[in-house]
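Can you read through this structure? Questions will come right after.
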Amino acid sequence: MNNREIAAVFERVADLLEFQNANPFRVRAYRGGARRVGDSPESLAAIVADRGAEALTELDGVGKDLAGKIAELVETGRLEMLEELLAEVPAGVLDVMRVPGLGPKKAAALHKELGVATLEELRAACESNRVRDLKGFGAKTEEKILAGLAIAASAQERTRWANAEPTVLAVLEHLGTLDEVLRIDPAGSYRRGRETVGDLDFLVDIGEELDAALVEKVMDRFGAFESVDSVVARGETKMTVRMASGLQADLRVVPTESYGAALQYFTGSKDHNVEVRGRAKQRGLRINEWGVFKTDDDGEQGERVAGDSEEDVYAALDLPRFPPELREARREFELAEAGPLPELVTLDDLRGDLHMHTTATDGKATLEEMATAARERGLEYIAITDHSKRVSMAGGLDAERLRKQWAMIDELRATLPKGFSVLKGIECDILEKGGMDLPDDVLAEADWVVASLHYGQQQPRAQIMKRLVGALENPWVSIVAHPTGRLINKRESYDVAVDELIAAAAENGKLLELNANPARLDLDDVHCAAAKTKGVPIVISSDAHSVEGLAVLRHGVQQARRAGLTASDVANTRTWKQLGKLVRRGE
DNA sequence: GCCGTTTTCGGCCCGACTGTTTTCAGTCG
């Protein structure tokens, strides 16, 4: 059982416990455990196998009990506690709890009073007006549930960051042009640069006073944004709308003196904030979205000590202003205690792009066009890495066509200005039975060999690993591209033991790709962080199939920053010559 | 269920908004 599956079990346990009205801190412990497990770069099954269940308690938030349950899961594939809970609670109520506005308490009341255990039964109960008579419910609640059922049916999944970006920019423009809006920033997971966002958060600075008339004006303007479908809620400082796309957006309006505190607060993550506010409490301080305050002897909010800027808020706790990408309650507090935070990699640090396609296979631009566009983007070198012959649908290259392309590259090189290089590369498929799609003597002639797996993605783990590790052991391979093969919201990854893959890369002196395509972002942040700890350099590549495709590098940089990578952890921040020293090629 | 130079027991972040309540519970982030 892999980490993600273990995390899913703990989430499920937490949901069921919540439904049973269990101790909320116990529920939190399971949710925290799920997050820690999901964030762990090491395979917990491997930890149990190598060092025993006891070693799991080294994970923050995992104690003796959760460690035992993880061991039970990896050893038996089952969790007795979960099965007992499922016997007590009808599984359908978990769906009921996912309807907006329904939580564990209301779901429990619906089940107890009306026997509602599925979404269908919930709909029937609402339509026959039986819900409105329950204590704590009313006609409005009933209507909201029916509307919420429609939303739940359209199963809105999280939106890829890059798909949310146009909406975010349009809202910033729409509100930013108002004179009353002094500052506006997106917050939440969008600001943290997560690969997907659940909803959007916007924060507005309205000036010294929280003037009701001004707030009204800003909210009216927000509600008039062209994509807004309906207003979900509207209060004195906070407003929520639903876009036609189904995406929700929150607006918070605060006075200038609270802007930093509010930005910190609404950027999250939730777990990061829990840690921050816990630290505040230890120091006799209280942090909320309005500022940092001293706590009086009677526990009431006292003198204000910070709030204008995020720097001040963090400084009040002797913490650095964490880059938003790091605020996930993973290792950032540990890093802060160890010294200055690492300087995270930036787009400007990248000097080369080592994965792209041309019209020779499935690209839309020619060799010359890709080279020109890359040079205009300020890159110093690129590798042309078209597909190999196994990828027949893309017109993959055999040895003969590949050598022709390399001859063209030789010709092109003669025309290039000093300071820009085009490298002879290939994205060579890793065959289903193992081994590379082109012979070693051909690969040996390349400057840069990207190995990747496009076929046989459903094979069992052992075979997938044999293929990937085999590629890393090939003396001429430089790197494995999109190592897990996942497509965000579309396709699961292959059954890869990423820690073993990283170990194999380290052993063979090879690199691993962070594919910057926003649908891939593969390796992800957690795995890139794991590669860093094992000393395996990451290459951020566009995998561009067009001139425009080169622009995705920034998404890769964002993911790398979330992994805590600095420029020196990313191989293509180096010159091509320096980069060559990182890769062990040839025998 | 986790955790600890204020602790191995008694804590565990904090506020806005809604709908149903006559003073607040539930949900959400």
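Proteins come first, then strands; the chains are lettered A, B, ... in the order of their sequence lines, and each starts at number 1.
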Query raised in the report: With a 4.0 Å cut-off on heavy atoms, is Pro24(A) in touch with a base, just the backbone sugar-phosphate, or nothing at all?
Result: nothing
Requested in this report: Give Glu275(A) one of three labels, base, sugar-phosphate or nothing, depending on what nucleic acid heavy atoms sit under 4.0 Å from its own.
Outcome: nothing
Query raised in the report: When you check the glycosidic angle of dT6(B), does it come out syn, meaning within 90° of 0, or anti?
Result: anti
Sub-3.5 Å pairs of nitrogen or oxygen atoms, protein against nucleotides 6-12 of chain B:
residue : atom : partner   : partner atom : Å
dC12(B) : OP1  : Lys281(A) : NZ           : 2.6

Query raised in the report: Which part of the nucleic acid, if any, lies within contact of Ala187(A), taking any heavy atom under 4.0 Å across all strands shown: a base, the sugar-phosphate backbone alone, or nothing?
Result: nothing
Query raised in the report: Hey, does Lys270(A) reach any base, or is it just sugar-phosphate, or nothing, if we go heavy atoms under 4.0 Å?
Result: base
Report task. Indicate yes or no: at least one non-hydrogen side-chain atom of Arg78(A) is less than 4.5 angstrom from one of Met1(A). Result -> no
Query raised in the report: On a whole-Å scale, what distance lies between the C1' atoms belonging to dG10(B) and dG15(B)?
Result: 25 Å
**Report entry** CA sep, side-chain torsions, deciding dist, call: Thr196(A), Thr159(A), side-chain contact (heavy atoms from CB on, under 4.5 Å)
**Finding:** CA-CA 5 Å; Thr196(A) 60; Thr159(A) 305; over 6 Å; no
Query raised in the report: Are any of Thr240(A)'s side-chain N or O atoms less than 4.0 Å away from OP1 or OP2 of dC28(B)?
Result: no
Query - Verdict with reasoning, Arg183(A) to Val204(A), per side-chain contact (heavy atoms from CB on, under 4.5 Å) - result: CA-CA 6 Å; Arg183(A) 276 182 288 181; Val204(A) 161; over 6 Å; no
Report task. State the pairing partner of dT8(B); accept Watson-Crick or G-U wobble contacts with both distances under 3.5 Å, and report none otherwise. Result -> none
Query raised in the report: So, is Thr237(A) near the phosphate of dC17(B), with a side-chain N or O under 4.0 Å from OP1 or OP2?
Result: yes
Query raised in the report: Of the nucleotides dT27(B), dG1(B), dC17(B), which one has an atom closest to the side chain of Tyr30(A)?
Result: dG1(B)
Query raised in the report: Looking only at side chains, do Ser189(A) and Arg194(A) share a donor and an acceptor under 3.5 Å apart?
Result: no
Query raised in the report: Taking the same atom, P, in dT7(B) and in dC12(B), what whole-Å distance lies between them?
Result: 16 Å
Query raised in the report: Which parts of residues 61-76 of chain A get close to DNA chain B, meaning a heavy atom less than 4.0 angstrom away?
Result: Gly61(A), Val62(A), Gly63(A), Lys64(A), Asp65(A), Leu66(A), Lys69(A)
Requested in this report: Return no unless some side-chain N or O of Trp290(A) is found under 4.0 Å from OP1 or OP2 of dC14(B).
Outcome: no
Query raised in the report: Hey, is Asp39(A) close enough to Arg331(A) for a salt bridge, meaning N to O under 4.0 Å?
Result: no
